Amino acid sequence: MPTSHYSQIGRIVEMMSLLRARSVLDIGIGYGKYGVLAREFLEFGLDYKPYEVRKIKIDGIEAFSEYVNTGNRYYYDEIHIGNALDIVPILGQYDLILVIDVLEHFTEKDGLELLEQCVPKGKHILISTPLDIGNQGAVFGNEFERHLFQWEKKH
């Protein structure tokens, strides 16, 4: 689904704020929740009016173009449509890469490849994946929503 469990939002926002990232890549934007939260909490309190001049770069990657809406296009500076495995290698550097409720949609091999691609691109990488992915197929006609691998701490 293009969303994640609400219980993790506070901790993720706290970690984003503590890292004081000035550039963020959100892999798998879904509804765009973390782009909105990054825009609000990373720019809030800076020495300017945040809706007039942006000092924080927030980009996103979304495999399913139908999820991208007008609101997403406002909060994100740039949204890349396609498979993250194809897009991450061509992007620049970021202070923070968000991989929130995304890895379960990759096989173990592809998920590890994605993380390996992120390491040289991100000063910090924040990863969250469900403790129990359950059985999820395509949702809303989106084949990328299938749960393909249960990640555990050992991975």
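For clarity, every value in this text was computed on a predicted model and none was experimentally measured.
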Where is the tightest heavy-atom contact between Glu43 and Lys55, given as atom of each residue plus distance? OE2-N, 3.2 Å
Interatomic distance, His105 atom NE2 to Leu114 atom CG [nearest 0.5 angstrom]: 12.0 Å
Are Ile9 and Lys33 close enough that some pair of their side-chain heavy atoms sits under 4.5 Å apart? yes
Is Trp151 close to Leu112 at the side-chain level, that is, under 4.5 Å between some pair of heavy atoms? yes
Closest approach of Ser17 and Phe41, non-hydrogen atoms and distance? OG-CB, 4.0 Å
Excluding sequence neighbours, so at least two apart, what forms side-chain contact (heavy atoms from CB on, under 4.5 Å) with Val102? Ile27, Val99, Phe106
Side chain to side chain donor-acceptor pair (under 3.5 Å) partners for Ser23, two or more places apart: none
Could you tell me which residues satisfy side-chain contact (heavy atoms from CB on, under 4.5 Å) with Val68, sequence neighbours excluded, listed by chain and number? Ile29, Glu62, Asn72, Arg73, Ile79, Ile81
Donor-acceptor contacts under 3.5 Å from residues 84-94 side chains, at least two apart:
residue, atom, partner, partner atom, Å
Gln93, NE2, Pro120, O, 3.2
Tyr94, OH, Asp59, OD2, 2.6

Suppose the criterion is side chain to side chain donor-acceptor pair (under 3.5 Å): which pairs have a residue in residues 106-120, not counting sequence neighbours? Glu113-Gln117
Check whether any side-chain heavy atom of Tyr34 sits under 4.5 Å from a side-chain heavy atom of Ile12, and report yes or no. yes
Val24 versus Leu42: any side-chain heavy-atom pair under 4.5 Å? yes
Let me see the working for Leu25 and Leu96 under side chain to side chain contact (heavy atoms under 4.5 Å, CB included), right down to the final yes or no. CA-CA 6 Å; Leu25 175 63; Leu96 176 61; over 6 Å; no
Please report the interatomic distance CG(Asn69) to OH(Tyr75), rounded to the nearest 0.5 Å. 10.5 Å
CG of Leu126 to CG of Leu19: how many Å apart, nearest 0.5 Å? 7.5 Å
Beyond-backbone contact of Asp95 with Lys57, side-chain heavy atoms, under 4.5 angstrom: no
Pair Val13-Glu40, side chain to side chain contact (heavy atoms under 4.5 Å, CB included): steps then yes or no: CA-CA 10 Å; Val13 169; Glu40 178 178 359; over 6 Å; no
Distance (rounded to the nearest 0.5 Å) between Cys118 SG and Ile97 CD1: 4.5 Å
Test item: His124 and Leu18 side chains (from C-beta on) under 4.5 Å apart, heavy atoms: no
Taking side-chain contact (heavy atoms from CB on, under 4.5 Å) as the test, write out the residues that go with Leu115, two or more places apart. Leu103, Ile127
